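In this text the structure is predicted, and so the values were computed from the model without any measurement. Scope of the values below: all heavy atoms of this structure, side chains included, with no hydrogens, waters or symmetry mates. Starting from 1, each residue takes its place in the sequence as its number.
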Amino acid sequence: MFQDLIRRAKSGESSAIEELLMPFLPALNAFVRSRMSKGIVRRESSEDVVQSVCREVIGDLHSVRAEDEAGFRSWLFGVVHNKLRSKESFHRAAKRDVGNELRGSLGGADPEDVLLAYGAATTPSRDAAAQEEIARIEAAFEHLSDDHSDVLRLVAIAGLTYSEAGRVLGRSEDAVRQLVHRARAKLATLLD
């Protein structure tokens with residue numbers, strides 16, 4: 001089933017491309033939002049970055065070797081991870097340094113979708129509370145080390161396995177497992 005979907009998407013069938021990417025959009029948005037630095041959010045919205053990644057993914061579907069959804073998810077979030085590292089380097093260049101700018105708003109993202117991707121639940125009538133919770137989680141992520149925030153984004157938000165996250169981060173599965181444990185403990189402390 002999934003191999004057929006990938007084959008159809010690679011052939012350029014728009015409905016297959018949509019079916020392939022749509023389930024990942026809430027997690028992609030949450031991943032991008034949590035990974036973008038304060039200053040970059042002032043220059044680019046998370047939706048623009050997600051859209052850019054989706055365009056890049058669509059243009060690069062021929063290189064996907066995944067045979068199942070988990071493999072595709074791993075490849076997709078690897079692409080996102082690398083794109084965000086490139087954007088960070090670009091915006092941190094001396095003439096474009098955004099280090100001291102303030103973080104923007106949700107940029108039009110549906111707060112419920114973002115919060116659901118973070119693992120919490122809300123209802124449409126609780127958008128304000130959801131926005132506050134998102135801000136609290138994002139603020140806690142800003143206080144995590146890069147290693148801790150990267151591994152939590154890949155495992156908890158993107159849904160990658162320890163092995164898949166290890167491939168993206170260049171670490172062993174056991175190292176990722178230990179890092180996730182320490183990162184979750186640190187995040188829990190920050191959220192309390």
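Every residue two or more places apart in sequence or in another chain was checked for a side chain to side chain donor-acceptor pair (under 3.5 Å) with Ser11, and none qualifies. Every residue two or more places apart in sequence or in another chain that forms a salt bridge (charged side-chain N to carboxylate O under 4.0 Å, His left out) with Asp147 is listed here: Arg171. Listed by chain and residue number, nothing satisfies the side chain to side chain donor-acceptor pair (under 3.5 Å) test with Ser172 (two or more places apart in sequence, or in another chain). Gln51 pairs by the side chain to side chain donor-acceptor pair (under 3.5 Å) definition with nothing, not counting sequence neighbours. With sequence neighbours excluded, no residue forms a salt bridge (charged side-chain N to carboxylate O under 4.0 Å, His left out) with Arg85. Shown here are the side chain to side chain donor-acceptor pair (under 3.5 Å) partners of Arg136, two or more places apart in sequence or in another chain: Glu133.
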Test side-chain contact (heavy atoms from CB on, under 4.5 Å) applied to Val57 and Val80, step by step: CA-CA 9 Å; Val57 164; Val80 174; over 6 Å; no
From CA spacing to verdict: side-chain contact (heavy atoms from CB on, under 4.5 Å), Phe77, Ile157: CA-CA 10 Å; Phe77 281 93; Ile157 296 174; 5.7 Å; no
Steps toward side-chain contact (heavy atoms from CB on, under 4.5 Å) verdict (Tyr162, Val155): CA-CA 7 Å; Tyr162 296 137; Val155 172; 4.0 Å; yes
Criterion side-chain contact (heavy atoms from CB on, under 4.5 Å) on Glu56 and Val53, from CA distance to verdict: CA-CA 5 Å; Glu56 188 174 316; Val53 166; 5.5 Å; no
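Rounding to the nearest 0.5 angstrom, the gap separating the CG atom in Leu179 from the NE2 atom in His148 is 5.0 Å. In this structure, CD in Glu47 is found 11.5 Å from SG in Cys54, a value given to the nearest 0.5 Å. Of the inter-residue distances, the one linking Arg177 atom CZ with Glu173 atom CD reads 5.0 Å to the nearest 0.5 angstrom. Of the inter-residue distances, the one linking Ser149 atom OG with His143 atom NE2 reads 12.5 Å to the nearest 0.5 angstrom. Interatomic distance, Arg33 CZ to Ile137 CD1, rounded to the nearest 0.5 Å: 10.5 Å. Within the model, atoms OG of Ser163 and CG of Asp174 stand 10.5 Å from one another, a figure rounded to the nearest 0.5 Å.
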For residues 183-192, tabulate all N or O donor-acceptor pairs below 3.5 Å that involve a side-chain atom, not counting sequence neighbours.
| unit_1 | atom_1 | unit_2 | atom_2 | d |
| --- | --- | --- | --- | --- |
| Thr189 | OG1 | Ala185 | O | 3.0 |

Throw together a table of side-chain donor-acceptor distances under 3.5 angstrom for residues 66-75, partners on residues two or more places apart or in other chains.
| unit_1 | atom_1 | unit_2 | atom_2 | d |
| --- | --- | --- | --- | --- |
| Glu67 | OE1 | Gln3 | NE2 | 3.2 |
| Asp68 | OD1 | Gly71 | N | 2.8 |
| Arg73 | NE | Gly159 | O | 3.2 |

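Across Ala9 and Ala16, no two heavy atoms sit closer than the pair N-CB, 3.6 Å.
Side-chain atoms of Leu20 and Leu61, non-hydrogen and from C-beta on, do get closer than 4.5 Å to each other. Side-chain contact check for Arg153 versus Phe141: some heavy-atom pair is nearer than 4.5 Å.
Between the side chain of Lys10 and the backbone N or O of Val64 there is at least one donor-acceptor pair closer than 3.5 Å. No donor-acceptor pair closer than 3.5 Å links the side chain of Asn29 to the backbone N or O of Leu25. Side chain of Glu164 to backbone of Thr161: a donor-acceptor contact under 3.5 angstrom is found. Remark: side-chain polar atoms of Ser52 are not paired, donor with acceptor, to backbone N or O of Asp48 under 3.5 angstrom.
Counting only residues at least two apart or on different chains, the salt bridge (Lys or Arg N to Asp or Glu O under 4.0 Å) pairs with a member in residues 13-23 are Arg8-Glu13, Arg8-Glu19.
Residues Phe24 and Met1 are members of separate hydrophobic clusters, defined by side-chain heavy-atom contacts under 4.5 angstrom among Ile, Leu, Val, Met, Phe, Trp and Tyr.
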